[in-house]
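Only one structure is covered here, and it is reproduced in the block below.
So that the names make sense, note that chain A is the first sequence line, chain B the second, and so on, each numbered from 1. These numbers were taken from a predicted model, which means no experiment stands behind them.
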Amino acid sequence: MRKFGKRMSLEDAFGFSPALPAEGGGGALLRISVDPDLLLDLLAHWKSCGEENLPHLSGLTVSPGETSRVFLNLLLDLGGEGPLICLEADVPRDRLLPDFSQIWPHALWWQQELSVFTGARFECAGGGGVEWRLA
Amino acid sequence: MATGLSFTPIHLAGVHGLGAFRLNVEEDGGLVSRATMDIGYGRRNIEAVSLQVPFAQALNYADRLDYLAAPAYSLALSSAFEELLSLEIPERARFIRAILLEINRISSHLHFYANLAKVTGQAPLMNHCLRERERFSDIMEMYCGSRLGFGAVCLGGVAADATDGWFFRIEKAMAAMKEFLPDLRSVLLDHPFFEERARGLAPISGKCARNWNLQGPNARASGQADADLRFTRHRDLYGEIGPGLSNEATLSEGDTLSRARIRLEEILLSSRMIEGLFRRIPSGNHRIRVGIDVVPPSGKSFVEVEGPRGRVSVLAESRGEPSPGNVKFFGPSAMVVQQLPVILAGINIEDIFLVIHSLDISFSEVDK
């Protein structure tokens with residue numbers, strides 16, 4: 001299991017060297033924009049790398065206020081002292097988003113939450129043996 | 001043949017001390033064969049409401065997200081806003097914030113033991129736990145006027161400066177609490193009846209805790225020592241408090257007994273941390289004055305804080321307007337609720353609420 005002290009490189013975390021933005025948001029957050037088509041490649045990379053080399057998914061959400069598009073934010077912790085990562089993808093609202101819970105099982109909650117409250121559609125929202133519904 | 005049992009949101013066994021939720025259980029031969037949860041009975045839509053108010057006022061809503069961990073949520077959100085504003089808060093404010101977090105952690109864990117004592121039928125012990133917790137509520141009230149710590153953290157620092165009288169009260173409360181903890185051990189945690197009942201009950205493996213993102217004491221009871229942000233990402237503040245102060249509050253069994261015992265270790269650890277913070281707290285300002293009409297430049301920030309139940313994460317976004325563009329909380333209790341039906345499967349019906357209370361879920365935070 002990966003220990004906190006070791007920070008992953010961006011190449012190890014994503015399987016490629018992402019273009020870094022000229023200006024980020026807050027000082028402790030590194031924002032990386034990715035093409036939505038790249039999300040499936042990223043999932044394939046994360047599936048192939050073992051538990052040791054998997055970044056920790058700290059959060060998954062969309063930015064509100066978009067009518068025809070969903071702005072997906074994938075919040076990742078690469079460990080160590082460096083900044084947290086916000087992987088951003090701008091996708092059309094009617095597009096089916098990939099199921100991140102196949103890599104991080106706990107993402108199921110956030111996917112289900114987003115489906116209920118924002119209408120974002122994931123390939124596998126709900127199910128997976130864990131059931132909850134909004135009263 | 002399976003029988004359906006429905007613990008409604010007004011069922012006293014579950015709701016008291018946790019929040020409103022509904023638990024539907026299928027019972028077969030006295031064992032839980034299937035469990036499902038209904039949540040949302042206490043939903044306040046805090047994230048959306050935060051987008052309608054100025055940045056500084058949004059902290060008041062963050063306080064209410066989990067009423068048992070108010071300083072952790074407002075600290076996470078204020079830190080996120082301060083990052084957007086590129087504000088460097090005074091060193092003294094950082095220390096006071098850390099002290100507030102640790103006081104809140106002790107208070108929350110004492111509340112946990114009050115719940116645990118109630119659910120195991122130890123009503124007198126519950127009253128003793130609440131008595132000890134009252135001292136810490138008094139300390140919070142003395143500091144910010146609210147017994148739950150609402151409004152203690154504000155944009156740019158903390159609500160008030162810490163005084164010697166306040167430190168004295170904290171030391172007194174901690175000394176009284178340390179005298180009480182051996183009783184808590186002997187009457188509940190090390191008592192043979194409780195030990196026999198809780199040992200091996202509803203265990204969570206380290207791998208499961210990691211996969212399902214369990215946080216805080218629940219993860220540390222399953223051996224996930226590096227789940228504590230105080231010793232990893234924030235060790236610049238906590239890690240240098242004193243020699244030998246490492247993350248020793250870690251157990252490995254992951255069962256109900258471990259989850260019950262780990263919080264006692266955490267209380268002791270927190271009290272040592274507070275003593276260390278007292279020794280190192282610098283003088284200076286406790287706050288930078290930030291106006292109500294502050295407008296950060298467009299951007300995003302993401303901050304994580306170690307709350308009493310685990311990692312509290314906040315994504316905040318500014319679009320160059322007087323109100324936040326996006327506020328999103330990721331709390332630890334939701335992750336436990338997600339795994340709860342799996343944890344409950346196969347246990348005795350009478351142990352359901354012992355297991356739920358051992359996980360220290362706050363449905364206030366789950367519902368948001």
**OP:** First locate atom NE2 of A:His56, then atom CZ of B:Arg210, and finally report the distance between them rounded to the nearest 0.5 Å.
**Re:** 7.0 Å

**OP:** State, to 0.1 Å, how close A:Trp109 and B:Met335 come at their nearest heavy-atom pair, and which atoms those are.
**Re:** CB-CE, 3.9 Å

Original post:
Do B:Arg319 and A:Phe71 meet the cation-pi criteria used here (NZ or CZ under 6.0 Å from the six-membered ring centre, within 45° of the axis)?
Top reply: no

Original post:
Under a 4.5 Å cut-off applied to non-hydrogen side-chain atoms, are B:Asn211 and A:Trp104 in contact?
Top reply: no

Subject >> Heavy-atom side-chain proximity of A:Ser58 to B:Arg311 below 4.5 angstrom >> reply: yes

Subject >> From CD (A:Glu113) to NZ (B:Lys328), nearest 0.5 Å >> reply: 3.5 Å

Original post:
Does A:Trp110 reach the side chain of B:Asn213, with side-chain heavy atoms less than 4.5 Å apart?
Top reply: yes

Original post:
How long is the span from the OG1 atom in A:Thr61 to the CZ atom in B:Phe330, to the nearest 0.5 Å?
Top reply: 5.0 Å

**OP:** Heavy-atom distances under 4.5 Å only: say whether B:Leu85 touches chain A with side chain, backbone, both or neither.
**Re:** neither

Original post:
Taking atom OH of B:Tyr61 as the centre, does the number of heavy atoms from other residues, nucleotides or ligands within less than 6.0 Å exceed 12?
Top reply: no

Subject >> Pairs of heavy atoms under 4.5 Å with chain B: top-ranked of A:Cys86, A:Gly59, A:Ser101, A:Ala107 >> reply: A:Gly59

Original post:
If you round to the nearest 0.5 Å, how far is CG of A:Leu84 from CZ of B:Phe302?
Top reply: 6.0 Å

**OP:** Working to the nearest 0.5 Å, report the span between CZ of A:Arg31 and NZ of B:Lys300.
**Re:** 5.0 Å

